[in-house]
Q: 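Dumping the structure here so I can ask a few things about it.
Every chain is numbered from 1, with letters handed out A, B, ... down the list of sequences.
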Amino acid sequence: MPVSSPANEEELLARAAVLAGESIAEVAQGLGLPVPADLSKHKGWVGMLIERALGASAGSRPEPDFEHLGVELKTLPVDRAGKPCESTFVCTISLGELCEMEWEDSRVRRKLSRVLWVPVQGERERELRLRRFGTPLIWSPDADELSALRFDWEELAGLVTRFGVDAITGHAGRFLQIRPKARDASVRRHGFAADGASIDALPRGFYLRPSFTFEILRRHFAL
DNA sequence: GATTGATCATGT
DNA sequence: ACATGATCAATC
């Protein structure tokens, strides 16, 4: 039985708050879903689980998870100290997009305008079914975060425009970075370079570094 | 131990 | 094909 869509942001947050303290096994059982032994072949499984538990609507469509609320849902795996143990995928790069586009219109900005972060225990030593959800947090970037993201985005967009997407490594960007996002390293996606030349490049996406998401948690929970 | 590049599954 | 959901694992 599918979970209904939350009517508003308050209800969404309240639903997520109910899950805090529950284990993955408990939440999965409530939905009648089997829990995989580990995530190695099911990397997005926890994210899908929480989507279903909260009544997310968008599925795999290029829309916010809660379309009518304009809210994006992200799980955030954290270690024992509450520090994120992974980067957070934001969105893919469409090759031509960065050249002429401005930050205000960017997909990074839109994706991150409103996010429901759901912390979940993510230590690899901990059995998947026993990992517990943490207290959720509705977030929008404040002025500092916005300017930091904008700075990185503009730097990265400039690098892509001047040197091409294949010249980018994960080293660039203080909080936002560009990394591969594909089935494997042989995948090529068609697009156009800044000079208009047709190119085929490894698909990449924007990711938030753990230092950025840790700061979000720190500020909110006063860790 | 932290980080970058590689990879896995599923839905439209 | 390409979007969604991310974590794995080799390397620094």
Q: Hey, are A:Ser23 and A:Arg132 close enough side-chain-wise for a donor-acceptor pair under 3.5 Å?
A: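 Side-chain D/A pair, A:Arg132 to A:Ser23: absent.
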Q: Using only heavy-atom distances, determine whether the side chains of A:Thr92 and A:Arg107 contain a donor-acceptor pair under 3.5 Å.
A: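 There is such a pair (donor and acceptor under 3.5 Å, judged by atom type) between the side chains of A:Thr92 and A:Arg107.
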Q: Give one of base, sugar-phosphate or nothing for A:Pro77, where a contact means two heavy atoms less than 4.0 Å apart.
A: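 Sugar-phosphate contact only - A:Pro77 comes under 4.0 Å of backbone atoms but never of a base.
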Q: Would you mind reading off the distance between A:Trp117 atom CH2 and C:dG5 atom P, rounded to a whole angstrom?
A: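 One finds 11 Å between P of C:dG5 and CH2 of A:Trp117, rounded.
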Q: Can you name the nearest heavy-atom pair linking A:Lys74 to A:Val115, along with the distance?
A: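 Of all heavy-atom pairs spanning A:Lys74 and A:Val115, the closest is CG-CG1, 3.9 Å.
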Q: Nearest-Å distance, CZ (A:Arg174) to P (B:dT3)?
A: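 That distance rounds to 13 Å.
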Q: Let me know the distance between CG of A:Leu76 and C1' of C:dT7, rounded to the nearest Å.
A: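 The answer, rounded to whole Å, is 13 Å.
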Q: Would you mind reading off the distance between A:Glu123 atom CD and C:dC8 atom C1', rounded to a whole angstrom?
A: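 These atoms are roughly 16 Å apart.
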Q: From CD of A:Glu72 over to C1' of C:dA3, roughly how many Å is that when rounded to an integer?
A: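 After rounding, the gap between these two atoms is 12 Å.
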Q: Consider the side chain of A:Asp65, meaning its heavy atoms from C-beta on, and name the nucleotide among C:dA6, C:dT7, C:dT4 that approaches it most closely.
A: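 From the listed options, C:dT4 comes nearest.
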Q: Without decimals, in angstroms, what is the distance between A:Leu128 CG and C:dA6 P?
A: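 Roughly 14 Å, once rounded to whole Å.
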Q: One thing to verify: whether A:Glu127 and A:Arg131 come together as a salt bridge, which I'm taking to mean a side-chain N less than 4.0 angstrom from a carboxylate O.
A: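 A salt bridge is absent here (no side-chain N lies under 4.0 Å from a carboxylate O).
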Q: Taking any heavy-atom pair under 4.0 Å as a contact, classify A:Arg189: base, sugar-phosphate, or nothing.
A: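 Sugar-phosphate only.
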Q: Less than 3.5 Å apart, which donor and acceptor atoms pair up between the side chains of residues 80-88 of chain A and the rest of the protein, not counting sequence neighbours?
A:
unit_1  : atom_1 : unit_2   : atom_2 : d
A:Ser87 : OG     : A:Arg179 : NH1    : 3.1
A:Ser87 : OG     : A:Arg179 : NH2    : 3.2

Q: With respect to the side chain of A:Arg124, which nucleotide from C:dA9, C:dA3, C:dA6 is positioned closest?
A: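 Taking heavy atoms from C-beta onward, the closest nucleotide is C:dA9.
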Q: With the criterion being N/O to N/O and under 3.5 Å, what pairs connect the protein with nucleotides 4-8 of chain B, and how long is each?
A:
unit_1 : atom_1 : unit_2   : atom_2 : d
B:dT4  : OP1    : A:Gly170 : O      : 2.9
B:dT4  : OP1    : A:Arg209 : NH1    : 3.0
B:dT4  : OP1    : A:Arg209 : NH2    : 3.1
B:dT4  : OP2    : A:Gln177 : NE2    : 3.0
B:dT4  : OP2    : A:Arg209 : NH1    : 2.8
B:dG5  : OP2    : A:Gly170 : N      : 2.4
B:dG5  : N7     : A:Arg179 : NE     : 2.8
B:dG5  : O6     : A:Arg179 : NH2    : 2.9
B:dT7  : OP2    : A:Ala185 : N      : 2.9
B:dT7  : O2     : A:Lys43  : NZ     : 2.7
B:dT7  : O4     : A:Ala182 : N      : 3.3
B:dT7  : O4     : A:Ala182 : O      : 3.4

Q: Take atom CD1 of A:Ile93 and atom C1' of C:dT4, then tell me their distance rounded to the nearest Å.
A: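 Rounding to the nearest Å, CD1 of A:Ile93 and C1' of C:dT4 are 17 Å apart.
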Q: Hey, what do you get for CG (A:Asp65) to CD (A:Glu67), rounding to the nearest 0.5 Å?
A: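 Result: 9.5 Å between the selected atoms.
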Q: Can you check the A:Arg107 CZ to C:dC2 C1' distance for me, whole Å?
A: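 Between C1' of C:dC2 and CZ of A:Arg107: 10 Å.
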Q: Looking only at side-chain N and O atoms, does A:Arg15 offer a donor or acceptor that is under 3.5 Å from a partner on A:Ser4?
A: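 Checked: A:Ser4/A:Arg15 side chains pair up, N/O donor to acceptor below 3.5 Å.
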